[in-house]
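Step one of this worksheet: look at the structure below.
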Amino acid sequence: MRLKELRKAKGMQQQEAAKELNIPGSTYSHYELNEREPRIDVLIKLADYFDVSVDYLIGHEKTPNHVE
């Protein structure tokens, strides 16, 4: 996930982001370290907070095989 780069772009510490998102700091840290995967409702909350899509957040970006 791209949480770390998004958080740093906002100039925030992990604990600040966790507090804003109303999740435990340790949980947020695990998300950034890819040691734990958030539930879909938390992914949506993270995407909304950082103003990105869930696809962007998880690194799922489709490129078309061909363009007509």
Side-chain angles (χ1 to χ4, degrees):
M1 288 199 309
R2 299 174 164 163
L3 284 179
K4 187 174 184 177
E5 67 187 43
L6 292 167
R7 174 182 56 79
K8 287 190 171 221
K10 282 190 169 234
M12 301 178 81
Q13 298 294 318
Q14 282 185 349
Q15 292 300 322
E16 293 173 295
K19 185 176 181 180
E20 288 286 321
L21 293 158
N22 198 29
I23 58 177
S26 59
T27 300
Y28 183 87
S29 177
H30 287 296
Y31 294 157
E32 274 197 12
L33 295 170
N34 290 318
E35 294 175 349
R36 188 170 175 187
E37 292 185 13
R39 297 182 323 255
I40 189 66
D41 61 315
V42 176
L43 272 175
I44 293 167
K45 188 178 188 178
L46 290 164
D48 287 347
Y49 179 74
F50 288 112
D51 196 26
V52 296
S53 68
V54 171
D55 280 349
Y56 177 83
L57 195 62
I58 63 173
H60 179 76
E61 299 170 38
K62 284 185 141 180
T63 305
N65 292 330
H66 67 285
V67 178
E68 293 185 39

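Computation of the quantities below employed the complete heavy-atom set of this structure, encompassing side-chain atoms and omitting hydrogens, waters and symmetry-equivalent molecules.
- Residue pairs meeting the salt bridge (charged side-chain N to carboxylate O under 4.0 Å, His left out) criterion with at least one member in residues 39-49, sequence neighbours excluded, are R39-D41.
- Between the CZ atom in R2 and the CD1 atom in I58 there is a gap of 10.0 Å [rounded to 0.5 Å].
- Hydrophobic clustering (side-chain heavy atoms under 4.5 Å, transitive across Ile, Leu, Val, Met, Phe, Trp, Tyr) groups L46 together with V52.
- A continuous path of hydrophobic side-chain contacts links I44 to Y28 [ILVMFWY only; heavy atoms under 4.5 Å].
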Output side-chain donor-acceptor pairs under 3.5 Å for residues 13-27, partner residues at least two apart or in another chain, one line each.
unit_1, atom_1, unit_2, atom_2, d
Q14, NE2, E32, OE1, 2.8
E16, OE1, Q13, N, 2.6
T27, OG1, R36, NH1, 3.4

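- For Y56, the side chain to side chain donor-acceptor pair (under 3.5 Å) partners at least two apart in sequence or on another chain are E5.
- For the side chain to side chain donor-acceptor pair (under 3.5 Å) test, no residue two or more places apart in sequence or in another chain qualifies with D51.
- Going from atom CG of L57 over to atom CG of L6 covers 6.5 Å, rounded to the nearest 0.5 Å.
- Residues A47 and S53 come closest through the heavy atom pair CB-C, 3.9 Å.
- With sequence neighbours excluded, the residues forming a side-chain contact (heavy atoms from CB on, under 4.5 Å) with K10 are M12, Y49, F50, listed by chain and number.
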